[in-house]
Amino acid sequence: MKEQNKIQTAKEPKQQRHPIRQQLLAVVLGVCLTVVSVPVSSFGSSVQAASEQRGTRAEDSVMPVSGDDGGSDGTVVTGDDGENGQFFADFYSGSAGNKESVAAVMAEDEKLGTVTAPELMPLAGFAAVGWSESKHDFGGEIKVGANLALTGNSAYYGVYQKNVTLSYDVGGGEACPESEMQTCSVNVSEKLTYDVPSFTAADAVRRTGYVFAGWNTEADGTGIPVAAGGTLELDSDTMLHAMWVEGNGTPYRVEHYKQDVVKDVYTRVDDDTEYLMGKTDELVNAEPNPYTGFTVNTDSELGKPSGIVEADGSLVLQLYYDRNVYEIDFDLNGGEGAVPKMQAVRYGGLLQEPEMPQRRGYVFKGWYLDSAGTESACWDFYQTIERNTDTRKATLYAKWADETAPVLGEATFGTGSRNFADWVIGREKLTITVPVTEAGSGLKQGDYWLQPETGRPRAGTALIRAQQALTPEIRGRSGGVSAVMTIRGNAESGESIVVITIEEEFKGSVSLTCTDNAGNVSVEKVLTADGAGVIVEDNAPYIGFSKAEADTAEDVAAVDVNVTDTAGGNVAAGIADVSYQVDGGKAKEAGAGEFSDVVVESYRFTVTIQGEGKHILKVAATDNAGNQSVREAVVEITEKKAVVTPKSKTPTKTATKSAGAGAEPKTGDSTPVKVFATLGMVAGFTYLLLYFNAGEGGITEGEKEEIISRLVRWARKGKLRKYPAILIISVFLFYYHSIGRSVSDEWKKVYEG
């Protein structure tokens, strides 16, 4: 029909120029239409029915035919509709039943008319498309302004269209479906006939923490529910909203953060992060882990111990753990100096070792959890704090060990002693003083040994008896008769004095050690000059005379003088000086230089005397202990022979200066001769009597020496023995003196001389 309209529109000017041709054409067309009017009308009805059944366009099958009855299906029926040979066309648009009738321009033969398609009236919400010859056609192919050929009265229907969009709101879901747009058409006749598009709803979408419950035309779920994949027809823009139901398996996680050992920062423990499931929008709480050495920090600004489960699984609960703090104090436990400051150390940290404390006389052995320094309580600074103690507050005590032995100072020797030839020599007794330093646990005892040159050693021990806090003096004293040792000093300062007094005859070395309360023993010290030894004795050298065997002239006598410091088995200090005088002349030194470097126990020399008559030979000998003997002998030179007669008396020992270096010790107090010196003199005088009393009624030489030695030794062992000793010796002297008067006149003469 379009082609016919187009064609008609193209030939219309030629008809005006050629009216005869136009009339002929109209006659031919009229005949043709009359012949085929009925079949064409029937065919058009069937096409229209089919078109209505399919809901599709039918104008291509409709052909205009003459008639006088316009049917409701839009076909034109030939009849007597035209009044006075006039055709009309009805145009429906704008609203239901709204039409505009337009009179056709009739041909000369009034068998054919033409009309121009007018503008469509506006229809709210739609856009005009065009005109259709069918009420059920939605194409609108007849455009406004088109020339339409009429063979009778006709009707045309306005067609409108608009775009209808279906969109989606997933409400937090994942991957929102794309919007879909289709065309909605309307055909205007006595009523509005719609061609509504059909949409298929999108499939279910996903949303973490929720279960998809379908689509709804309203966001609050009060609209029309639409299932996923369901069909719906829409004549307007529509949005489908996803409906959600809270899920019971919505994920959330709990993170745990531990405080660092030193810095105020926290580090997440990744291995302990918990991935949990909860109900969406439900309040959940984090359960703390029982970390040893940590406590949960409840500061709300630092962590998030609870929260609402987010549907998208974004909820993260966080717990922060503070390290337990250990407070460690220090106690010097007797040490000196400033006490180290308290240290606060976090769990897992290391305690900083303070500077090593000091204590005089002790060695620092470390820090301990008890004052006694139990080995199991030793603090290891290379181990973390919790490995050393289970308590949050503790005190470390310094442990001290006395590993330093007492130190013995240089020995000094009391008045009355001197050094000679590397020997420390005393006369009646020898006092040795040694300073001792023990700054640690304090002295416990002192031990000494007397080691004679021959024989077994003798020992003594002085134990410290008490050490009182109020009177810090310490004292100790040894027993025994070999020597006496005393110790005195101050326990606080650690300075002590050891005094060893040797009161009997002794020749040898003296050693000393001191032991402290910790069991440390000092280095053994030999208390003599260069370690040589000591000599303690008060026996003067013995002087003996005898005639020399050498031949001499008739008026010359040779006298052998024998000086012995060990007579009678006495301990010898060694000869220090020997001199002699003849007839009161100038004293001469014998053995000069022979006694200065070594201990000389005996010395023999010969004195030559010239001239007949009696001569007095006087010899003096001093030992290194200061003991001196002086003895005279009468030497008578006759024509026939020389006789040497020692005087029976020997002068009393006196303290003199020796040829050796240094001053000789004094003999004692203000009394010129002590009791023991007197006893020695008496014993020596008695010995002379016995010596020259070898006749009948006398005793042997050995018996004499034995008796005298025993008496002297017995008398020297105690002050209370001196008086009985004097009495016994006096009786002994008197007895043998009487015997002596009965001997020959020659003996008396020699003795009295």
**Request:** Without swapping roles, check the side chain of N285 against the backbone of S306 for a donor-acceptor pair under 3.5 Å.
**Result:** no
**Asked** Are a donor atom and an acceptor atom from the side chains of T389 and T391 found within less than 3.5 Å of each other?
**Response** yes
**Message:** Let's go through V363 and K365 carefully: what are the C-alpha distance in whole Å and the side-chain angles of both, what is the deciding distance for side-chain contact (heavy atoms from CB on, under 4.5 Å) to 0.1 Å, and is it a yes or a no?
**Reply:** CA-CA 6 Å; V363 177; K365 304 302 289 186; 4.1 Å; yes
**Request:** Could you tell me which residues satisfy ring pair (Phe, Tyr, Trp, His ring centres under 6.0 Å) with Y266, sequence neighbours excluded, listed by chain and number?
**Result:** Y320
**Request:** Might you point out which heavy atoms bring L315 and I308 nearest each other, and give the distance in Å?
**Result:** CD2-O, 3.3 Å
**Request:** Taking all non-hydrogen atoms of both residues into account, name the closest pair between W449 and A459 and its distance.
**Result:** CD1-CB, 3.6 Å
**Donor-acceptor pair, side chain of Q318 and main chain of K304, under 3.5 angstrom** = no
**Item:** Side-chain heavy atoms of E255 within contact of L319, under 4.5 Å
**Value:** no
**Request:** Indicate whether any N or O donor in one side chain lies under 3.5 Å from an N or O acceptor in the other, for T250 and T280.
**Result:** yes
**Prompt:** Given side chains that start at C-beta, do those of F212 and W244 come closer than 4.5 Å, heavy atoms only?
**Reply:** yes
**Prompt:** Strictly by modelled atom types, are N98 and S93 linked by a side-chain donor-acceptor pair under 3.5 Å?
**Reply:** no
**Request:** Apply side chain to side chain donor-acceptor pair (under 3.5 Å) to the pair Y291 and D272, showing each step before the final yes or no.
**Result:** CA-CA 11 Å; Y291 291 125; D272 291 343; 2.4 Å; yes
**Request:** Could you tell me whether E524 atom CD has more than 12 heavy atoms of other residues or ligands within 6.0 Å of it?
**Result:** yes
**Prompt:** Under 4.5 Å between any side-chain heavy atoms of T486 and I497, yes or no?
**Reply:** no
**Asked** Considering all heavy atoms of both residues, which atom of V245 and which atom of A213 are nearest to each other, and what is their separation?
**Response** CG2-CB, 3.9 Å
**Asked** Quick one: do D264 and R346 make a salt bridge, cutoff under 4.0 Å?
**Response** yes
**Message:** Taking atom CE as the centre, does M239 end up with more than 12 heavy-atom neighbours from other residues, nucleotides or ligands that are less than 6.0 angstrom away?
**Reply:** yes
**Message:** Using a 6.0 Å cut-off, check whether atom CD of E336 has over 12 heavy atoms from anything other than its own residue.
**Reply:** yes
**Residue pair L443 / V436, side-chain heavy-atom distance below 4.5 Å** = yes
**Message:** Checking V434 against L512 for the side-chain contact (heavy atoms from CB on, under 4.5 Å) test, could you report, in this order, the C-alpha distance in whole Å, the side-chain angles of both residues, the deciding distance, and whether it holds?
**Reply:** CA-CA 9 Å; V434 181; L512 172 67; 4.0 Å; yes
**Request:** Return yes when atom CD1 of I224 has more than 12 non-hydrogen atoms of other residues, nucleotides or ligands closer than 6.0 Å, and no otherwise.
**Result:** no
**Message:** Any donor-acceptor pair under 3.5 Å linking the side-chain atoms of S132 with those of D137?
**Reply:** yes
**Request:** First locate atom CG of N297, then atom CG of L302, and finally report the distance between them rounded to the nearest 0.5 Å.
**Result:** 5.0 Å
**Message:** Taking G442's backbone N and O only, do any of them form a donor-acceptor pair with D516's side chain (distance below 3.5 Å, no angle check)?
**Reply:** no
**Request:** Answer yes or no for K258 and F294: cation-pi contact, defined as NZ/CZ to six-membered ring centre under 6.0 Å and angle to ring axis within 45°.
**Result:** yes
**Request:** Look at atom CE of M342 and say whether more than 12 heavy atoms of other residues, nucleotides or ligands are closer to it than 6.0 Å.
**Result:** yes
**Prompt:** So, for E410 and P435, which heavy atoms are closest and what is the spacing to 0.1 Å?
**Reply:** O-CD, 3.3 Å
**Message:** Testing the 3.5 Å rule here: is there a donor-acceptor pair between the side chains of H256 and E274?
**Reply:** yes
**Asked** If we ignore angles and hydrogens, is there a donor and acceptor under 3.5 Å between the side chains of S511 and Q451?
**Response** no
**Message:** Within this structure, what is the NZ-CG distance for the pair K143 and L120, rounded to the nearest 0.5 Å?
**Reply:** 9.5 Å
**Request:** Kindly state each residue pair satisfying salt bridge (Lys or Arg N to Asp or Glu O under 4.0 Å) with at least one member in residues 213-226, sequence neighbours excluded.
**Result:** none
**Request:** Indicate yes or no for a side-chain donor-acceptor contact from E386 to the backbone of G348 under 3.5 Å, with no hydrogens or angles considered.
**Result:** yes
**Request:** Evaluate whether atom CD of E174 has more than 12 neighbouring non-hydrogen atoms of other residues, nucleotides or ligands under 6.0 angstrom away.
**Result:** yes
**Prompt:** Do W367 and P357 come within less than 4.5 Å of each other through their side chains, counting heavy atoms only?
**Reply:** yes
**Prompt:** Quick one: does I385's side chain get under 4.5 Å of W379's, heavy atoms only?
**Reply:** yes
**Asked** Between Y168 and E178, what is the shortest heavy-atom contact and its length?
**Response** CE1-O, 3.6 Å
**Prompt:** Are T193 and N187 close enough that a side-chain donor and a side-chain acceptor fall under 3.5 Å?
**Reply:** no
**Prompt:** Would Y397 and W400 count as a close aromatic pair, with their ring centres under 6.0 Å?
**Reply:** no
**Request:** Report yes or no: is the cationic atom of K399 (NZ for Lys, CZ for Arg) closer than 6.0 Å to the six-membered ring centre of Y368, at no more than 45° off its axis?
**Result:** yes
**Request:** Any chance you could lay out the side-chain contact (heavy atoms from CB on, under 4.5 Å) test for E327 and R392, step after step, and finish with the verdict?
**Result:** CA-CA 6 Å; E327 295 181 355; R392 301 276 290 275; over 6 Å; no
**Asked** Quick check: are there more than 12 heavy atoms from other residues, nucleotides or ligands sitting under 6.0 Å from CD of Q383?
**Response** yes
**Item:** side-chain contact (heavy atoms from CB on, under 4.5 Å) between H241 and M243, intermediate numbers included
**Value:** CA-CA 6 Å; H241 302 272; M243 296 292 102; 3.8 Å; yes
**Request:** Rounded to the nearest 0.5 Å, what's the gap from CG on L234 to CD on Q182? Could you check?
**Result:** 8.5 Å
**Message:** If I take atom CG from residue D322 and atom OG1 from residue T298, how far apart are they, to the nearest 0.5 angstrom?
**Reply:** 9.0 Å
**Request:** Using modelled atom types only, decide if a donor and an acceptor are shared between the side chain of Q343 and the backbone of Q352 within a distance under 3.5 Å.
**Result:** yes
**Request:** Could you grab the distance from atom NZ of K279 to atom CG of D281, nearest 0.5 Å is fine?
**Result:** 9.0 Å
**Prompt:** So do V186 and V159 actually touch side chain to side chain, heavy atoms under 4.5 Å?
**Reply:** no
**Item:** Pair E495-T437, side chain to side chain donor-acceptor pair (under 3.5 Å): steps then yes or no
**Value:** CA-CA 5 Å; E495 302 294 335; T437 300; 3.0 Å; yes
**Request:** Assess whether atom NZ of K393 is packed by more than 12 heavy atoms of other residues, nucleotides or ligands within 6.0 Å.
**Result:** no
**Complete:** Rounded to the nearest 0.5 Å, the SG atom of C184 sits from the CG atom of D235 at a distance of 5.5 Å
**Request:** Fit a plane to each ring of F126 and Y194, take the angle between them on a 0 to 90° scale, and name the class: parallel (under 30°), tilted (30 to 60°) or perpendicular (over 60°).
**Result:** tilted
**Prompt:** If we only count heavy atoms from C-beta on, is the V345 to T384 side-chain gap below 4.5 Å?
**Reply:** no
**Request:** Would you name the heavy atoms of G373 and D370 that are closest together and state the gap between them?
**Result:** N-OD1, 3.0 Å
**Message:** Under a plain distance cut-off of 3.5 Å, with no hydrogens placed, do T267 and D260 share a side-chain donor-acceptor pair?
**Reply:** yes
**Donor + acceptor pair across side chains of T461, D447 (<3.5 Å)** = yes
**Request:** Answer yes if the side chains of D380 and Y382 hold a donor-acceptor pair under 3.5 Å, and no otherwise.
**Result:** no
**Asked** Quick check, are the ring centers of Y157 and W131 under 6.0 angstrom apart?
**Response** no
**Complete:** Taken in chain and number order and not counting sequence neighbours, the residues that satisfy side-chain hydrogen bond (donor to acceptor under 3.5 Å, both in side chains) with Y252 are none
